[in-house]
Amino acid sequence: MKVNIPDDIKSSVKSYLEELECCKRCVLRYLGYSIYDEGERIYAEEQNGVTENTDNLESQNPAKKMKANPCRVCLDILSEQSMENYLTTFPSDFEDYKIPSVTTCATLPTSVILREHSMLVALRNKFPNIYAGVNLKDLECSKRIFKTTSSLLISQKINKAYSPTAKFQVNINIKYEDDTKDTEGFIKAHPKVTAKLNLAAFLNTYRDDKFKEVFPVPPEIPNKSVSAEISYTTDPVYLGGRYLKFSREMGQTPFIVNNVAVTESSVQETIFPAISEVLGCSGDQMVFSASGREDSDTRMLGTGRPFYIQIKQPKFNSVSREQCRTIEKLIMLSNTVVVRKLQEVFQKDLKIVKEGEQEKRKTYLALCKTQSPDLPQTVDLINRLSKPLVLQQKTPIRVLHRRSQLVRERLIYDFEATAVEGRPDLFCLKLVTQAGTYVKEFVHGDFDRTCPNLTQCTGYLTDVVALDVTGVELEWPPQDGL
């Protein structure tokens with residue numbers, strides 16, 4: 001319900017609230033006015049002598065200028081002077097953030113909610129015909145007032161436009177020294193009511209006589225200070241693309257065992273420095289994710305493997321096409337990694353990469369060695385195997401340290417073996433497989449942990465000499481920035 005106070009009663013309510021040393025904004029709230037309704041607010045100021053102008057305030061009611069105590073309800077948090085004082089603690093490095101707009105997030109002391117309710121209970125006792133049935137949800141929210149007013153001040157201070165959807169968020173955490181003391185009686189009686197949203201909803205159904213047993217009505221004059229901790233966060237920025245890896249001595253990400261790097265470098269360690277150089281962010285701010293991974297001794301060729309990088313707490317809100325091209329050129333100088341189609345992508349698109357880990361098809365080219373004395377006959381035998389081939393793959397021994405022991409069914413959709421000219425023991429094997437198929441184990445069998453396998457099918461020990469991924473069938477990035 002909306003608070004509806006007859007004009008002849010408003011002055012009595014206003015006087016009662018002022019006698020209790022409520023601030024001007026809290027008086028307006030309990031009179032039923034909204035911070036967004038400027039017309040009604042002006043009316044309230046004119047009719048009730050509530051004004052932000054200290055000269056008018058003195059002439060209308062000089063005694064009120066002597067108010068020395070903080071507001072019993074909001075602890076003076078809602079006064080613009082308090083907000084301006086809080087902003088003196090604003091970190092100075094905000095100028096480093098090249099993000100044009102700003103939004104705010106505020107955290108107020110729990111005590112404020114209890115004090116708001118306490119004052120409402122006092123009004124229900126004093127003016128039962130007016131405030132019976134009125135709940136906190138019927139009054140203008142103190143947090144909304146604080147956020148609206150502080151947002152304007154912050155916007156002016158750091159010269160950024162205010163936008164509720166801005167990627168630059170200023171977090172204001174208001175601290176009240178006596179917050180624990182104020183709330184301990186209520187929390188002791190209701191230890192499970194902890195979240196502030198739950199607290200407000202709980203109070204809306206709480207009996208007034210019960211509330212008076214755990215919290216003073218009206219609220220007591222605060223005698224401790226209020227301070228603010230200000231920090232800021234920015235939304236992550238995501239870069240997506242496809243990488244090619246030409247080295248057989250390079251992992252996808254750093255591989256460290258017992259504090260010793262197994263490989264000298266990785267795709268991640270090649271890409272991150274280039275991004276850092278162009279965008280000015282550190283490696284600690286970046287998280288690398290890809291659609292599957294190849295072994296360190298396996299090259300990634302063709303159109304490359306889809307990947308994305310999350311940049312946390314960036315000081316920018318977008319990455320230009322020109323910056324992406326510069327990053328690609330820097331990566332290319334490594335001679336081991338190439339990145340294609342690098343561009344900014346959006347969080348909603350990232351699921352494409354993760355879903356693709358299980359749904360995509362992959363193509364391989366494997367150089368295989370066999371102990372068969374008759375290579376042409378063995379090649380012919382492999383090519384005559386039925387397709388698609390359904391594999392039952394136990395978790396390979398070589399990855400048991402990072403994957404659970406399971407039997408996974410995988411498909412090889414197509415394959416073709418071709419003898420290597422001049423080598424009676426080598427053949428090339430082209431394959432199209434389901435994501436998650438272990439090609440090396442399909443060839444040598446992994447002690448028959450993968451069935452069927454080529455060692456089993458041909459009757460001769462067969463193994464992979466070299467392996468290349470030649471294709472990952474996944475449309476990524478979703479928008480080609482080239």
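- Atom OH in Y33 sits 13.5 Å away from atom CG in L139 (nearest 0.5 Å).
- Here the closest heavy-atom approach between residue M83 and residue L153 is recorded as CB-CD1, 3.6 Å.
- Checked by atom type and distance alone, the side chain of Q310 never pairs as donor or acceptor with a backbone atom of S289 at under 3.5 Å.
- Side chain to side chain, S15 and E18 fail the donor-acceptor criterion of an N or O pair below 3.5 Å.
- Note that the CD atom of E80 and the CG atom of L78 stand 10.5 Å from one another [nearest 0.5 Å].
- The distance from atom CG of D138 to atom CZ of R29, rounded to the nearest 0.5 Å, is 13.0 Å.
- Ring pair F288/F307 is parallel by interplanar angle, where below 30° counts as parallel and above 60° as perpendicular.
- Not a single donor-acceptor pair under 3.5 Å links the side chain of T103 to the backbone N or O of T165.
- For the side-chain contact (heavy atoms from CB on, under 4.5 Å) with I77, the qualifying choice from P70, P109, C26 is P109, the only one to do so.
- By the 6.0 Å contact criterion, CG on D8 is enclosed, its count of non-hydrogen atoms from other residues, nucleotides or ligands being greater than 12.
- Under the 3.5 Å distance criterion, with hydrogens and angles disregarded, no donor-acceptor pair is assigned to the side chains of T253 and Q268.
- Between R144 and T148, the closest side-chain pair of non-hydrogen atoms falls below 4.5 Å.
- Closest approach of S276 and M286 over heavy atoms only: OG-CE, 3.3 Å.
- Counting only distance, with no hydrogens or angles, the side chain of T149 and the backbone of F146 share no donor-acceptor pair below 3.5 Å.
- What you find for R242 and V472 is that their closest heavy atoms are NH2-O, 2.8 Å.
- Inter-residue side-chain proximity for L342 and V319 is flagged as unmet; no heavy-atom pair is nearer than 4.5 Å.
- At least one side-chain heavy atom of Q323 sits under 4.5 Å from a side-chain heavy atom of L279.
- Using a 4.5 Å heavy-atom cutoff, the side chains of F186 and L199 are in contact.
- Checked by atom type and distance alone, the side chain of T298 never pairs as donor or acceptor with a backbone atom of E294 at under 3.5 Å.
- No donor-acceptor pair closer than 3.5 Å links the side chain of D349 to the backbone N or O of V345.
- For R124 (side chain) and G133 (main-chain N/O), no donor-acceptor pair under 3.5 Å exists by modelled atom type.
- Using modelled atom types and a 3.5 Å distance limit, the side chains of S79 and S82 yield a donor-acceptor pair.
- Ring to ring, H117 and Y206 are not that close: their centroids are 6.0 angstrom or more apart.
- With hydrogens and angles disregarded, a donor-acceptor distance shorter than 3.5 Å links the side chain of T437 to the backbone of Q434.
- Considering CD1 of I275 and SG of C324, their distance stands at 8.5 Å, rounded to 0.5 Å.
- Nearest heavy atom pair, residue R340 against residue E328, reads C-OE2, 3.6 Å.
- Of all the heavy atoms in R115 and R72, the pair that sits closest is NH1-O, 2.7 Å.
- Between E322 and R325, none of the side-chain N atoms (NZ, or NE/NH1/NH2) sits under 4.0 Å from a carboxylate O, so this pair counts as no salt bridge.
- With a 4.5 Å cut-off on side-chain heavy atoms, I9 and P6 count as touching.
- At least one donor-acceptor pair closer than 3.5 Å links the side chain of T363 to the backbone N or O of G471.
- I230 places a side-chain heavy atom less than 4.5 Å from the side chain of L87.
- At least one donor-acceptor pair closer than 3.5 Å links the side chain of K143 to the backbone N or O of A106.
- Atom CD of Q405 sits in a crowded spot, with more than 12 heavy atoms from other residues, nucleotides or ligands closer than 6.0 Å.
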Problem set entry | Worked verdict on R248 versus D295 for salt bridge (charged side-chain N to carboxylate O under 4.0 Å, His left out) | CA-CA 8 Å; R248 296 194 187 278; D295 294 334; over 6 Å; no

Exercise. Please walk me through it: do Q169 and T234 pass side-chain hydrogen bond (donor to acceptor under 3.5 Å, both in side chains)?
Worked result: CA-CA 6 Å; Q169 177 175 287; T234 55; over 6 Å; no

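- The side-chain tip of K224 does not point at the ring of Y176 from less than 6.0 angstrom away and within 45° of straight on.
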For this session: Quick one: do R207 and F211 satisfy side-chain contact (heavy atoms from CB on, under 4.5 Å)? Show the steps, please.
Result: CA-CA 6 Å; R207 284 171 45 186; F211 182 78; over 6 Å; no

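- For the atom pair CG of L20 and SG of C71, the computed distance is 9.5 Å after rounding to the nearest 0.5 Å.
- Side-chain contact, K354 with S291: no donor N or O sits under 3.5 Å from an acceptor N or O.
- Note: N173 CG to T107 OG1 = 5.0 Å, rounded to the nearest 0.5 Å.
- When only modelled atom types and interatomic distance are considered, T110 and T183 share no side-chain donor-acceptor pair under 3.5 Å.
- Minimum heavy-atom separation, L350 to W476: CD2-CH2, 4.2 Å.
- Atom CD of E84 has more than 12 heavy atoms from other residues, nucleotides or ligands within 6.0 Å.
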For this session: Under the side-chain contact (heavy atoms from CB on, under 4.5 Å) rule, what do Y243 and I331 come out as? Steps first, then yes or no, please.
Result: CA-CA 10 Å; Y243 75 81; I331 294 169; over 6 Å; no

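- A donor-acceptor distance shorter than 3.5 angstrom exists from the side chain of K245 to the backbone of S296, with no hydrogens or angles considered.
- For the pair K315 and Y97, the cation-pi criterion (under 6.0 Å, within 45° of the ring axis) is fulfilled.
- Between S111 and the choices D182, T180, D178, the side chain to side chain donor-acceptor pair (under 3.5 Å) rule is met once, by D182.
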For this session: Please report the C-alpha distance between V337 and M250 in whole Å, then the side-chain angles of each, then the deciding distance to 0.1 Å, and finally whether the side-chain contact (heavy atoms from CB on, under 4.5 Å) criterion is met.
Result: CA-CA 10 Å; V337 176; M250 172 182 280; 3.5 Å; yes

For this session: Please assess T270 against S334 for the test side-chain hydrogen bond (donor to acceptor under 3.5 Å, both in side chains), listing each intermediate value before the final yes or no.
Result: CA-CA 7 Å; T270 306; S334 69; 5.2 Å; no

For this session: For the pair V73 and L17, evaluate side-chain contact (heavy atoms from CB on, under 4.5 Å) and give the outcome as yes or no after the intermediate values.
Result: CA-CA 10 Å; V73 179; L17 291 169; over 6 Å; no

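- With hydrogens and angles left out, the side-chain atoms of E116 and S142 include a donor and acceptor closer than 3.5 Å.
- Ring-centre distance between F346 and Y238: not below the 6.0 Å cut-off.
- The pair K212-D209 fails the salt-bridge criterion, with no side-chain N (NZ, NE, NH1 or NH2) lying under 4.0 Å from an Asp/Glu carboxylate O.
- Aromatic pair F90/Y232: ring centres closer than 6.0 Å.
- Using a 4.5 Å heavy-atom threshold, the side chains of V226 and D76 count as separate.
- Side-chain contact check for F246 versus L244: some heavy-atom pair is nearer than 4.5 Å.
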